[in-house]
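Report on the following structure.
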Amino acid sequence: MNKILTFSLILLCLGCSKKPQFDDTTFDTFKSRFILAYWKQNPIAATSAGYHHYDSLLPAYTETYRNEGRQFCKTYLDSLNLFKPGNLQASNRLDWVLLQNALTSQLFYVDTFKAWQWDPSGYNIASSLAEVLQAKNITNSEKLSFIEKRLAAIPAYYKAAMENIVDPTAEHIKLAIEQNEGTVNYILGGFCAEMDKLMPGMKACSENKYFIAMADEAIRKYIEFLKAIPQKPNYKARDFRIGKTLYERKFELDIQSKGSAVEIYQKALIRKRALHRQMAGLTSQLWTKYFKEPQPKDTLAAIQQLIQKIADKHAHRDSFMESIEAQIPQLTKFVSEKNLLYLDPKKPLKVRRTPAYMDGVAGASISAPGPYDSDAETFYNVSTLEKMSAEQAESYLREYNFYVLQILNIHEAIPGHYAQLVYANQSPSLVKTLFGNGAMIEGWAVYSERMMLENGYGNNEPEMELMYCKWHLRSVCNTILDYSVHVLGWDQNQAMDLLVNQAFQQDAEARGKWRRVSLTQVQLCSYFSGYTEIYELRERLKQKGNFDLKTFHEKLLSYGSSPVKEIAQMMK
Ligand code: ZN
Ligand code: ZN
(Lines give C-alpha, C1' and ligand atoms only; values in the text may rest on other atoms or scores of the structure.)
(Ligands and ions follow the chains in the order given, each with its own letter.)
Protein backbone atom coordinates (compact mmCIF):
# COMPACT_ATOMS: atom_id res chain seq x y z
CA MET A 1 0.00 0.00 0.00
CA ASN A 2 1.55 3.31 -1.03
CA LYS A 3 1.68 6.47 1.01
CA ILE A 4 -1.04 8.32 -0.84
CA LEU A 5 -3.40 5.39 -0.51
CA THR A 6 -2.84 5.31 3.23
CA PHE A 7 -3.45 9.01 3.32
CA SER A 8 -6.73 8.71 1.46
CA LEU A 9 -7.78 5.88 3.76
CA ILE A 10 -7.22 8.18 6.70
CA LEU A 11 -9.29 10.82 4.93
CA LEU A 12 -12.03 8.30 4.36
CA CYS A 13 -12.01 7.38 7.98
CA LEU A 14 -12.32 10.88 9.42
CA GLY A 15 -16.02 10.29 9.91
CA CYS A 16 -15.80 6.90 11.57
CA SER A 17 -14.62 5.90 15.00
CA LYS A 18 -12.72 2.66 14.44
CA LYS A 19 -11.93 0.91 11.22
CA PRO A 20 -13.38 2.15 7.92
CA GLN A 21 -16.76 0.81 6.81
CA PHE A 22 -17.02 0.61 3.06
CA ASP A 23 -20.77 1.20 2.94
CA ASP A 24 -23.06 3.70 1.23
CA THR A 25 -22.48 6.47 3.76
CA THR A 26 -18.71 6.25 3.38
CA PHE A 27 -19.11 6.05 -0.37
CA ASP A 28 -21.15 9.29 -0.40
CA THR A 29 -18.35 11.01 1.53
CA PHE A 30 -15.78 9.51 -0.81
CA LYS A 31 -17.67 10.81 -3.85
CA SER A 32 -17.92 14.37 -2.54
CA ARG A 33 -14.21 14.44 -1.71
CA PHE A 34 -13.33 12.90 -5.04
CA ILE A 35 -15.26 15.52 -6.98
CA LEU A 36 -13.64 18.43 -5.15
CA ALA A 37 -10.20 16.94 -5.77
CA TYR A 38 -11.12 16.28 -9.38
CA TRP A 39 -11.99 19.95 -9.90
CA LYS A 40 -8.70 21.04 -8.40
CA GLN A 41 -6.89 18.70 -10.79
CA ASN A 42 -9.06 19.77 -13.78
CA PRO A 43 -9.87 23.47 -13.25
CA ILE A 44 -10.94 24.13 -16.85
CA ALA A 45 -13.51 21.33 -16.67
CA ALA A 46 -14.61 22.73 -13.30
CA THR A 47 -15.33 26.12 -14.84
CA SER A 48 -17.40 24.47 -17.60
CA ALA A 49 -19.43 22.57 -15.02
CA GLY A 50 -20.18 25.83 -13.19
CA TYR A 51 -17.82 25.18 -10.27
CA HIS A 52 -15.80 28.39 -10.00
CA HIS A 53 -13.51 27.75 -7.06
CA TYR A 54 -10.47 27.09 -9.28
CA ASP A 55 -11.16 29.65 -11.96
CA SER A 56 -7.81 31.33 -11.37
CA LEU A 57 -5.93 28.21 -12.55
CA LEU A 58 -4.99 27.44 -16.13
CA PRO A 59 -2.53 24.54 -15.94
CA ALA A 60 0.02 24.09 -18.73
CA TYR A 61 -0.11 20.52 -20.01
CA THR A 62 3.46 19.64 -19.05
CA GLU A 63 4.92 16.25 -18.13
CA THR A 64 4.79 17.30 -14.48
CA TYR A 65 1.08 18.04 -14.78
CA ARG A 66 0.51 14.73 -16.56
CA ASN A 67 2.32 12.90 -13.77
CA GLU A 68 0.11 14.55 -11.17
CA GLY A 69 -2.89 13.43 -13.20
CA ARG A 70 -1.60 9.83 -13.37
CA GLN A 71 -1.00 9.78 -9.66
CA PHE A 72 -4.44 11.24 -9.03
CA CYS A 73 -6.14 8.51 -11.08
CA LYS A 74 -4.14 5.67 -9.53
CA THR A 75 -4.77 6.88 -5.99
CA TYR A 76 -8.49 7.22 -6.49
CA LEU A 77 -8.73 3.91 -8.34
CA ASP A 78 -7.06 2.25 -5.34
CA SER A 79 -9.50 3.92 -2.95
CA LEU A 80 -12.43 3.05 -5.17
CA ASN A 81 -11.41 -0.59 -5.20
CA LEU A 82 -11.72 -0.73 -1.42
CA PHE A 83 -15.49 -0.59 -1.94
CA LYS A 84 -17.25 -3.71 -3.18
CA PRO A 85 -19.86 -2.44 -5.65
CA GLY A 86 -22.07 -5.42 -4.77
CA ASN A 87 -22.40 -4.05 -1.21
CA LEU A 88 -23.65 -0.65 -2.39
CA GLN A 89 -27.18 0.43 -3.21
CA ALA A 90 -28.20 0.62 -6.89
CA SER A 91 -27.50 4.31 -7.45
CA ASN A 92 -24.10 4.17 -5.74
CA ARG A 93 -23.22 0.91 -7.48
CA LEU A 94 -23.75 2.68 -10.81
CA ASP A 95 -21.73 5.68 -9.63
CA TRP A 96 -18.94 3.29 -8.70
CA VAL A 97 -18.94 1.86 -12.23
CA LEU A 98 -18.94 5.34 -13.78
CA LEU A 99 -16.07 6.55 -11.60
CA GLN A 100 -14.01 3.45 -12.24
CA ASN A 101 -14.52 3.93 -15.96
CA ALA A 102 -13.75 7.66 -15.85
CA LEU A 103 -10.44 7.13 -14.04
CA THR A 104 -9.42 4.21 -16.24
CA SER A 105 -10.29 6.31 -19.30
CA GLN A 106 -8.17 9.21 -18.12
CA LEU A 107 -5.15 6.91 -17.83
CA PHE A 108 -5.85 5.45 -21.27
CA TYR A 109 -6.07 8.92 -22.82
CA VAL A 110 -2.83 10.16 -21.31
CA ASP A 111 -0.70 7.00 -21.74
CA THR A 112 -2.09 5.15 -24.75
CA PHE A 113 -4.36 7.32 -26.88
CA LYS A 114 -2.13 10.38 -26.54
CA ALA A 115 -4.23 12.85 -28.52
CA TRP A 116 -2.22 15.53 -26.67
CA GLN A 117 0.61 14.67 -29.08
CA TRP A 118 -1.32 14.59 -32.34
CA ASP A 119 -4.44 16.73 -31.94
CA PRO A 120 -3.37 20.39 -31.74
CA SER A 121 -7.02 21.50 -31.55
CA GLY A 122 -7.00 20.22 -27.96
CA TYR A 123 -5.20 23.45 -27.04
CA ASN A 124 -7.46 26.48 -27.01
CA ILE A 125 -8.16 28.86 -24.16
CA ALA A 126 -11.24 30.67 -25.52
CA SER A 127 -13.90 28.86 -23.51
CA SER A 128 -11.85 28.88 -20.30
CA LEU A 129 -12.03 32.69 -20.38
CA ALA A 130 -15.55 33.04 -21.80
CA GLU A 131 -17.03 30.73 -19.18
CA VAL A 132 -15.52 32.71 -16.31
CA LEU A 133 -16.86 35.90 -17.83
CA GLN A 134 -20.36 34.43 -18.18
CA ALA A 135 -20.43 32.81 -14.72
CA LYS A 136 -23.53 33.74 -12.72
CA ASN A 137 -22.54 32.90 -9.17
CA ILE A 138 -19.32 34.91 -8.64
CA THR A 139 -18.79 38.63 -8.07
CA ASN A 140 -17.27 40.96 -10.64
CA SER A 141 -14.11 41.53 -8.64
CA GLU A 142 -13.62 37.76 -8.28
CA LYS A 143 -14.20 37.39 -11.99
CA LEU A 144 -11.67 40.05 -12.84
CA SER A 145 -9.00 38.55 -10.59
CA PHE A 146 -9.60 35.04 -12.06
CA ILE A 147 -9.44 36.36 -15.60
CA GLU A 148 -6.18 38.21 -14.91
CA LYS A 149 -4.57 35.05 -13.58
CA ARG A 150 -5.76 32.95 -16.51
CA LEU A 151 -4.60 35.57 -19.01
CA ALA A 152 -1.17 35.62 -17.36
CA ALA A 153 -0.90 31.84 -17.66
CA ILE A 154 -1.62 31.71 -21.39
CA PRO A 155 2.00 31.97 -22.65
CA ALA A 156 3.09 28.96 -20.54
CA TYR A 157 -0.01 27.06 -21.68
CA TYR A 158 0.86 27.42 -25.38
CA LYS A 159 4.56 26.81 -24.76
CA ALA A 160 3.68 23.39 -23.33
CA ALA A 161 1.36 22.77 -26.28
CA MET A 162 4.21 23.34 -28.73
CA GLU A 163 6.46 20.98 -26.78
CA ASN A 164 3.78 18.29 -26.79
CA ILE A 165 2.83 18.27 -30.45
CA VAL A 166 5.04 15.75 -32.25
CA ASP A 167 3.01 14.00 -34.93
CA PRO A 168 -0.21 15.89 -35.70
CA THR A 169 -2.78 14.89 -38.32
CA ALA A 170 -3.35 17.33 -41.16
CA GLU A 171 -7.06 17.50 -40.31
CA HIS A 172 -6.45 18.49 -36.70
CA ILE A 173 -3.78 21.03 -37.68
CA LYS A 174 -6.32 22.70 -39.94
CA LEU A 175 -8.99 22.71 -37.24
CA ALA A 176 -6.57 24.01 -34.59
CA ILE A 177 -5.50 26.90 -36.84
CA GLU A 178 -9.11 27.85 -37.63
CA GLN A 179 -10.22 27.70 -34.02
CA ASN A 180 -7.21 29.49 -32.56
CA GLU A 181 -7.54 32.23 -35.19
CA GLY A 182 -11.07 32.58 -33.87
CA THR A 183 -9.63 32.86 -30.36
CA VAL A 184 -7.24 35.65 -31.39
CA ASN A 185 -10.16 37.61 -32.81
CA TYR A 186 -12.21 36.90 -29.71
CA ILE A 187 -9.56 38.03 -27.22
CA LEU A 188 -8.89 41.28 -29.06
CA GLY A 189 -12.50 41.92 -29.99
CA GLY A 190 -15.56 40.41 -28.36
CA PHE A 191 -13.92 39.37 -25.09
CA CYS A 192 -12.59 42.83 -24.27
CA ALA A 193 -15.82 44.57 -25.16
CA GLU A 194 -17.82 42.00 -23.19
CA MET A 195 -15.62 42.44 -20.10
CA ASP A 196 -16.22 46.18 -20.12
CA LYS A 197 -19.93 45.68 -20.66
CA LEU A 198 -20.41 43.03 -17.96
CA MET A 199 -18.13 44.74 -15.46
CA PRO A 200 -18.86 48.44 -15.90
CA GLY A 201 -16.49 50.95 -14.31
CA MET A 202 -13.76 48.35 -13.67
CA LYS A 203 -11.59 49.21 -16.69
CA ALA A 204 -11.09 45.47 -17.15
CA CYS A 205 -9.91 45.80 -20.71
CA SER A 206 -7.42 48.65 -20.34
CA GLU A 207 -6.06 47.37 -17.01
CA ASN A 208 -5.27 44.03 -18.63
CA LYS A 209 -3.72 45.47 -21.78
CA TYR A 210 -0.34 43.92 -21.07
CA PHE A 211 -1.66 40.41 -20.35
CA ILE A 212 -3.94 40.56 -23.36
CA ALA A 213 -1.03 41.51 -25.61
CA MET A 214 1.05 38.63 -24.20
CA ALA A 215 -1.79 36.18 -24.67
CA ASP A 216 -2.37 37.40 -28.19
CA GLU A 217 1.31 36.93 -29.03
CA ALA A 218 1.36 33.41 -27.53
CA ILE A 219 -1.64 32.25 -29.57
CA ARG A 220 -0.24 33.77 -32.77
CA LYS A 221 3.06 31.99 -32.16
CA TYR A 222 1.17 28.73 -31.77
CA ILE A 223 -0.66 29.31 -35.06
CA GLU A 224 2.69 30.09 -36.80
CA PHE A 225 4.15 26.92 -35.31
CA LEU A 226 1.25 24.85 -36.68
CA LYS A 227 1.43 26.45 -40.11
CA ALA A 228 5.14 25.65 -40.32
CA ILE A 229 4.74 21.92 -39.62
CA PRO A 230 3.64 20.86 -43.14
CA GLN A 231 6.48 22.97 -44.63
CA LYS A 232 9.17 20.91 -42.95
CA PRO A 233 11.32 18.66 -45.18
CA ASN A 234 10.32 14.94 -45.00
CA TYR A 235 6.98 15.93 -43.48
CA LYS A 236 4.41 13.15 -43.56
CA ALA A 237 1.07 13.72 -41.85
CA ARG A 238 -0.17 11.15 -39.37
CA ASP A 239 -3.29 9.31 -40.53
CA PHE A 240 -6.36 10.57 -38.66
CA ARG A 241 -7.71 7.00 -38.63
CA ILE A 242 -6.92 5.48 -35.26
CA GLY A 243 -6.88 1.80 -36.32
CA LYS A 244 -8.42 -1.32 -34.82
CA THR A 245 -6.57 -1.65 -31.49
CA LEU A 246 -7.11 1.92 -30.29
CA TYR A 247 -10.63 1.94 -31.69
CA GLU A 248 -11.75 -1.20 -29.83
CA ARG A 249 -10.37 0.10 -26.53
CA LYS A 250 -11.79 3.60 -26.96
CA PHE A 251 -15.15 2.05 -27.81
CA GLU A 252 -15.05 -0.08 -24.66
CA LEU A 253 -14.32 2.95 -22.44
CA ASP A 254 -16.52 5.56 -24.13
CA ILE A 255 -19.57 3.44 -24.95
CA GLN A 256 -19.42 0.88 -22.12
CA SER A 257 -21.49 -1.52 -24.19
CA LYS A 258 -21.90 -5.22 -23.53
CA GLY A 259 -20.74 -5.89 -27.10
CA SER A 260 -17.49 -5.01 -28.84
CA ALA A 261 -17.13 -2.38 -31.57
CA VAL A 262 -17.08 -4.99 -34.33
CA GLU A 263 -20.27 -6.59 -33.01
CA ILE A 264 -22.14 -3.27 -33.04
CA TYR A 265 -20.78 -2.58 -36.52
CA GLN A 266 -22.13 -5.92 -37.76
CA LYS A 267 -25.52 -5.25 -36.18
CA ALA A 268 -25.59 -1.90 -37.97
CA LEU A 269 -24.97 -3.61 -41.32
CA ILE A 270 -27.89 -5.97 -40.67
CA ARG A 271 -30.13 -3.09 -39.60
CA LYS A 272 -29.25 -1.14 -42.75
CA ARG A 273 -30.32 -4.07 -44.95
CA ALA A 274 -33.60 -4.42 -43.02
CA LEU A 275 -34.33 -0.69 -43.39
CA HIS A 276 -33.61 -0.82 -47.13
CA ARG A 277 -36.05 -3.73 -47.50
CA GLN A 278 -38.71 -1.87 -45.54
CA MET A 279 -38.17 1.31 -47.56
CA ALA A 280 -38.38 -0.62 -50.83
CA GLY A 281 -41.75 -2.04 -49.77
CA LEU A 282 -43.08 1.38 -48.73
CA THR A 283 -41.87 2.90 -51.99
CA SER A 284 -43.73 0.36 -54.14
CA GLN A 285 -46.82 0.94 -52.02
CA LEU A 286 -46.67 4.73 -52.36
CA TRP A 287 -45.27 5.17 -55.86
CA THR A 288 -48.48 5.65 -57.87
CA LYS A 289 -49.85 8.09 -55.30
CA TYR A 290 -47.03 10.50 -56.14
CA PHE A 291 -45.86 9.70 -59.69
CA LYS A 292 -47.48 9.02 -63.06
CA GLU A 293 -44.33 7.50 -64.60
CA PRO A 294 -43.35 3.91 -63.72
CA GLN A 295 -41.04 3.27 -60.77
CA PRO A 296 -37.31 3.11 -61.72
CA LYS A 297 -35.68 -0.35 -61.70
CA ASP A 298 -32.94 0.83 -59.32
CA THR A 299 -34.62 0.51 -55.91
CA LEU A 300 -32.32 2.93 -54.05
CA ALA A 301 -32.85 5.55 -56.77
CA ALA A 302 -36.63 5.09 -56.52
CA ILE A 303 -36.56 5.52 -52.73
CA GLN A 304 -34.46 8.68 -53.13
CA GLN A 305 -36.90 10.13 -55.65
CA LEU A 306 -39.90 9.45 -53.44
CA ILE A 307 -38.21 10.95 -50.36
CA GLN A 308 -37.57 14.13 -52.36
CA LYS A 309 -41.22 14.27 -53.35
CA ILE A 310 -42.57 13.74 -49.84
CA ALA A 311 -40.21 16.43 -48.49
CA ASP A 312 -42.28 19.00 -50.42
CA LYS A 313 -44.62 18.96 -47.45
CA HIS A 314 -42.92 21.15 -44.88
CA ALA A 315 -43.40 24.03 -42.43
CA HIS A 316 -43.26 27.65 -43.53
CA ARG A 317 -40.03 29.51 -42.71
CA ASP A 318 -41.87 32.27 -40.83
CA SER A 319 -43.75 29.87 -38.58
CA PHE A 320 -41.10 27.17 -38.13
CA MET A 321 -40.82 27.74 -34.39
CA GLU A 322 -44.59 27.83 -33.93
CA SER A 323 -44.87 24.50 -35.77
CA ILE A 324 -42.48 22.96 -33.28
CA GLU A 325 -44.21 24.54 -30.31
CA ALA A 326 -47.59 23.26 -31.47
CA GLN A 327 -46.32 19.68 -31.54
CA ILE A 328 -45.14 19.46 -27.95
CA PRO A 329 -48.62 19.19 -26.34
CA GLN A 330 -49.61 16.64 -29.00
CA LEU A 331 -46.63 14.45 -28.16
CA THR A 332 -47.32 14.77 -24.44
CA LYS A 333 -50.95 13.78 -25.00
CA PHE A 334 -50.00 10.77 -27.11
CA VAL A 335 -47.49 9.51 -24.53
CA SER A 336 -50.04 9.65 -21.74
CA GLU A 337 -52.99 8.32 -23.75
CA LYS A 338 -50.98 5.32 -24.88
CA ASN A 339 -49.62 4.77 -21.39
CA LEU A 340 -45.98 4.90 -22.48
CA LEU A 341 -44.37 6.93 -19.70
CA TYR A 342 -45.44 9.17 -16.84
CA LEU A 343 -44.62 12.82 -17.64
CA ASP A 344 -44.64 15.22 -14.71
CA PRO A 345 -47.18 17.97 -15.56
CA LYS A 346 -45.34 20.29 -13.15
CA LYS A 347 -42.32 20.24 -15.45
CA PRO A 348 -43.59 21.31 -18.86
CA LEU A 349 -41.02 21.89 -21.58
CA LYS A 350 -40.41 25.52 -22.52
CA VAL A 351 -39.70 26.25 -26.16
CA ARG A 352 -37.62 29.35 -26.87
CA ARG A 353 -35.59 30.96 -29.63
CA THR A 354 -31.98 29.82 -29.45
CA PRO A 355 -30.12 32.64 -27.60
CA ALA A 356 -27.71 34.59 -29.80
CA TYR A 357 -24.56 33.43 -27.96
CA MET A 358 -25.23 29.79 -28.83
CA ASP A 359 -26.82 30.28 -32.21
CA GLY A 360 -24.10 28.77 -34.40
CA VAL A 361 -25.92 26.18 -36.46
CA ALA A 362 -29.60 26.12 -37.21
CA GLY A 363 -31.48 23.39 -35.45
CA ALA A 364 -33.11 22.39 -32.23
CA SER A 365 -31.52 21.28 -28.99
CA ILE A 366 -32.25 20.81 -25.31
CA SER A 367 -30.36 23.14 -23.02
CA ALA A 368 -30.20 21.85 -19.47
CA PRO A 369 -28.77 23.80 -16.53
CA GLY A 370 -25.34 22.72 -15.26
CA PRO A 371 -24.96 20.57 -12.13
CA TYR A 372 -24.20 23.60 -9.94
CA ASP A 373 -27.09 25.60 -11.31
CA SER A 374 -29.90 23.10 -10.88
CA ASP A 375 -32.56 25.73 -10.11
CA ALA A 376 -32.30 27.12 -13.62
CA GLU A 377 -34.84 26.03 -16.21
CA THR A 378 -34.51 23.57 -19.04
CA PHE A 379 -35.30 24.90 -22.50
CA TYR A 380 -35.94 23.57 -25.95
CA ASN A 381 -33.90 25.90 -28.13
CA VAL A 382 -35.15 26.37 -31.66
CA SER A 383 -33.27 28.48 -34.19
CA THR A 384 -35.26 30.82 -36.36
CA LEU A 385 -34.46 30.77 -40.05
CA GLU A 386 -34.25 34.58 -40.27
CA LYS A 387 -30.61 34.74 -41.32
CA MET A 388 -30.94 32.10 -44.02
CA SER A 389 -31.20 32.88 -47.72
CA ALA A 390 -34.37 31.68 -49.46
CA GLU A 391 -32.42 28.76 -50.89
CA GLN A 392 -30.86 27.74 -47.56
CA ALA A 393 -34.19 27.95 -45.78
CA GLU A 394 -35.91 25.82 -48.40
CA SER A 395 -33.24 23.13 -48.17
CA TYR A 396 -33.43 23.16 -44.37
CA LEU A 397 -37.22 22.99 -44.31
CA ARG A 398 -37.17 20.07 -46.77
CA GLU A 399 -34.65 18.24 -44.59
CA TYR A 400 -36.84 18.84 -41.52
CA ASN A 401 -40.05 18.32 -43.45
CA PHE A 402 -43.54 17.70 -42.02
CA TYR A 403 -42.67 14.12 -41.02
CA VAL A 404 -39.04 14.45 -39.95
CA LEU A 405 -39.81 17.49 -37.78
CA GLN A 406 -42.11 15.31 -35.67
CA ILE A 407 -39.42 12.66 -35.26
CA LEU A 408 -36.93 15.38 -34.33
CA ASN A 409 -39.29 16.56 -31.59
CA ILE A 410 -39.69 13.01 -30.31
CA HIS A 411 -35.88 12.67 -30.20
CA GLU A 412 -35.03 16.00 -28.60
CA ALA A 413 -38.07 16.57 -26.44
CA ILE A 414 -40.88 14.12 -25.71
CA PRO A 415 -40.36 11.34 -24.82
CA GLY A 416 -36.67 11.68 -25.87
CA HIS A 417 -33.90 13.77 -24.29
CA TYR A 418 -36.14 16.06 -22.26
CA ALA A 419 -38.11 13.27 -20.60
CA GLN A 420 -34.91 11.32 -19.90
CA LEU A 421 -33.43 14.37 -18.23
CA VAL A 422 -36.47 14.89 -16.00
CA TYR A 423 -36.22 11.27 -14.84
CA ALA A 424 -32.45 11.50 -14.30
CA ASN A 425 -32.95 14.60 -12.12
CA GLN A 426 -35.33 12.73 -9.83
CA SER A 427 -32.42 11.01 -8.14
CA PRO A 428 -29.73 13.64 -8.59
CA SER A 429 -26.19 12.31 -8.74
CA LEU A 430 -23.29 14.60 -9.51
CA VAL A 431 -21.29 11.59 -10.70
CA LYS A 432 -23.96 10.63 -13.24
CA THR A 433 -24.30 14.22 -14.43
CA LEU A 434 -20.56 14.67 -14.86
CA PHE A 435 -19.50 11.18 -16.01
CA GLY A 436 -22.81 9.91 -17.43
CA ASN A 437 -22.95 7.49 -20.30
CA GLY A 438 -23.51 9.17 -23.68
CA ALA A 439 -24.71 5.96 -25.35
CA MET A 440 -27.58 5.67 -22.83
CA ILE A 441 -28.57 9.31 -23.41
CA GLU A 442 -28.50 9.13 -27.22
CA GLY A 443 -29.71 5.53 -27.24
CA TRP A 444 -32.86 6.44 -25.32
CA ALA A 445 -33.69 9.27 -27.72
CA VAL A 446 -33.18 7.01 -30.75
CA TYR A 447 -35.14 4.17 -29.11
CA SER A 448 -38.04 6.50 -28.28
CA GLU A 449 -38.49 7.38 -32.00
CA ARG A 450 -39.09 3.75 -32.92
CA MET A 451 -41.17 3.08 -29.83
CA MET A 452 -43.55 5.96 -30.63
CA LEU A 453 -44.12 4.68 -34.17
CA GLU A 454 -44.61 1.12 -32.94
CA ASN A 455 -47.38 2.45 -30.75
CA GLY A 456 -49.15 4.10 -33.66
CA TYR A 457 -47.76 7.62 -33.64
CA GLY A 458 -48.42 9.18 -37.05
CA ASN A 459 -51.36 6.79 -37.64
CA ASN A 460 -49.06 4.28 -39.37
CA GLU A 461 -49.03 6.50 -42.45
CA PRO A 462 -46.58 4.96 -44.92
CA GLU A 463 -45.05 8.41 -45.55
CA MET A 464 -44.22 8.69 -41.85
CA GLU A 465 -42.77 5.17 -41.84
CA LEU A 466 -40.59 5.96 -44.85
CA MET A 467 -39.27 9.20 -43.35
CA TYR A 468 -38.63 7.45 -40.06
CA CYS A 469 -36.54 4.84 -41.90
CA LYS A 470 -34.50 7.60 -43.54
CA TRP A 471 -33.98 9.36 -40.22
CA HIS A 472 -33.07 6.14 -38.44
CA LEU A 473 -30.62 5.21 -41.21
CA ARG A 474 -28.63 8.24 -40.15
CA SER A 475 -27.86 6.68 -36.72
CA VAL A 476 -27.21 3.28 -38.30
CA CYS A 477 -24.86 4.72 -40.92
CA ASN A 478 -23.06 6.85 -38.34
CA THR A 479 -21.87 3.59 -36.79
CA ILE A 480 -21.02 1.96 -40.12
CA LEU A 481 -19.16 5.08 -41.23
CA ASP A 482 -17.15 5.51 -38.04
CA TYR A 483 -16.02 1.90 -37.90
CA SER A 484 -15.35 1.63 -41.63
CA VAL A 485 -13.25 4.78 -41.73
CA HIS A 486 -11.21 4.30 -38.55
CA VAL A 487 -10.79 0.52 -38.61
CA LEU A 488 -11.28 -0.54 -42.24
CA GLY A 489 -9.50 2.49 -43.71
CA TRP A 490 -12.31 3.85 -45.91
CA ASP A 491 -11.64 6.99 -47.98
CA GLN A 492 -13.95 9.92 -48.64
CA ASN A 493 -15.45 8.40 -51.80
CA GLN A 494 -16.54 5.27 -49.98
CA ALA A 495 -17.98 7.42 -47.20
CA MET A 496 -19.92 9.63 -49.61
CA ASP A 497 -21.34 6.58 -51.40
CA LEU A 498 -22.67 5.24 -48.09
CA LEU A 499 -24.15 8.55 -46.95
CA VAL A 500 -25.55 9.89 -50.22
CA ASN A 501 -26.58 6.74 -52.12
CA GLN A 502 -27.44 4.39 -49.30
CA ALA A 503 -28.57 6.75 -46.54
CA PHE A 504 -30.18 9.34 -48.87
CA GLN A 505 -28.40 12.36 -47.37
CA GLN A 506 -27.88 15.70 -49.07
CA ASP A 507 -24.37 16.43 -50.28
CA ALA A 508 -23.78 19.15 -47.65
CA GLU A 509 -24.86 16.91 -44.79
CA ALA A 510 -22.66 14.07 -46.02
CA ARG A 511 -19.62 16.37 -46.32
CA GLY A 512 -20.19 17.62 -42.80
CA LYS A 513 -20.31 14.02 -41.60
CA TRP A 514 -17.02 13.23 -43.35
CA ARG A 515 -15.41 16.15 -41.57
CA ARG A 516 -16.80 14.93 -38.25
CA VAL A 517 -15.52 11.38 -38.74
CA SER A 518 -12.07 12.68 -39.59
CA LEU A 519 -11.92 14.74 -36.39
CA THR A 520 -13.64 12.44 -33.87
CA GLN A 521 -13.67 8.73 -33.12
CA VAL A 522 -16.30 6.40 -31.61
CA GLN A 523 -18.79 9.15 -30.59
CA LEU A 524 -20.76 8.59 -33.80
CA CYS A 525 -21.46 5.03 -32.60
CA SER A 526 -23.23 6.12 -29.41
CA TYR A 527 -26.65 6.59 -31.05
CA PHE A 528 -27.01 3.15 -32.60
CA SER A 529 -25.21 1.16 -29.91
CA GLY A 530 -27.31 2.66 -27.10
CA TYR A 531 -30.49 2.15 -29.12
CA THR A 532 -29.64 -1.48 -29.88
CA GLU A 533 -28.94 -2.32 -26.26
CA ILE A 534 -32.16 -0.76 -24.99
CA TYR A 535 -34.21 -2.43 -27.72
CA GLU A 536 -32.62 -5.84 -27.11
CA LEU A 537 -33.11 -5.50 -23.36
CA ARG A 538 -36.80 -4.76 -23.87
CA GLU A 539 -37.28 -7.73 -26.20
CA ARG A 540 -35.50 -10.04 -23.72
CA LEU A 541 -37.69 -8.89 -20.84
CA LYS A 542 -40.83 -9.24 -22.97
CA GLN A 543 -40.11 -12.92 -23.51
CA LYS A 544 -40.10 -13.51 -19.78
CA GLY A 545 -43.80 -12.60 -19.71
CA ASN A 546 -45.64 -10.23 -17.36
CA PHE A 547 -44.23 -7.29 -19.31
CA ASP A 548 -45.58 -3.75 -19.09
CA LEU A 549 -44.12 -1.13 -21.41
CA LYS A 550 -44.70 1.87 -19.15
CA THR A 551 -43.14 0.12 -16.15
CA PHE A 552 -40.16 -0.88 -18.29
CA HIS A 553 -39.57 2.69 -19.47
CA GLU A 554 -39.88 4.20 -16.02
CA LYS A 555 -37.62 1.62 -14.44
CA LEU A 556 -35.01 2.03 -17.19
CA LEU A 557 -34.97 5.81 -16.85
CA SER A 558 -34.88 5.72 -13.06
CA TYR A 559 -31.21 4.69 -13.17
CA GLY A 560 -30.20 7.96 -14.82
CA SER A 561 -27.48 8.19 -17.46
CA SER A 562 -25.78 4.89 -16.60
CA PRO A 563 -24.48 2.37 -19.14
CA VAL A 564 -27.32 0.22 -20.49
CA LYS A 565 -25.45 -3.01 -19.73
CA GLU A 566 -25.31 -2.04 -16.04
CA ILE A 567 -28.98 -1.02 -16.01
CA ALA A 568 -29.79 -4.40 -17.57
CA GLN A 569 -28.04 -6.11 -14.65
CA MET A 570 -30.15 -4.09 -12.21
CA MET A 571 -33.39 -4.93 -14.03
CA LYS A 572 -32.83 -8.68 -14.00
ZN1 ZN B 1 -40.72 23.91 -50.33
ZN1 ZN C 1 -29.71 13.30 -29.40
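These numbers were taken from a predicted model, which means no experiment stands behind them. Just follow the structure's listing: the first ligand is 1, and inside any ligand the first atom is 1.
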Measure up the His486 and Tyr247 rings against each other and bin them: parallel (under 30°), tilted (30 to 60°), perpendicular (over 60°). parallel

Write down the atom of Ala393, the atom of Arg317, and the distance for their closest heavy-atom approach.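 Looking at all heavy atoms of both residues, the shortest contact is CB-NH1, 3.6 Å.
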
Would you find a donor on one side and an acceptor on the other, under 3.5 Å apart, between the side chain of His276 and the backbone of Gln502? yes

Considering only N, O or S atoms of His411, the one closest to the Zn ion (ligand 2):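 His411's closest N, O or S atom to the Zn ion (ligand 2) is named NE2.
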
Extract all donor-acceptor atom pairs below 3.5 Å that involve side chains of residues 292-301 and protein atoms in other chains or at least two apart in sequence.
| residue | atom | partner | partner atom | Å |
| --- | --- | --- | --- | --- |
| Asp298 | OD1 | Leu300 | N | 3.1 |
| Asp298 | OD1 | Ala301 | N | 3.3 |

Opening angle between NE2 in His417 and OE2 in Glu442, taken at the Zn ion (ligand 2), to 10 degrees: 90°

As a test of reading the structure, name the N/O/S atom of Glu394 that is nearest the Zn ion (ligand 1).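 Of all N, O or S atoms belonging to Glu394, OE2 is the one nearest the Zn ion (ligand 1).
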
N/O/S atom of Asp312 under 2.8 Å from the Zn ion (ligand 1), yes or no?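 Of the N, O and S atoms in Asp312, none lies under 2.8 Å from the Zn ion (ligand 1), which means no.
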
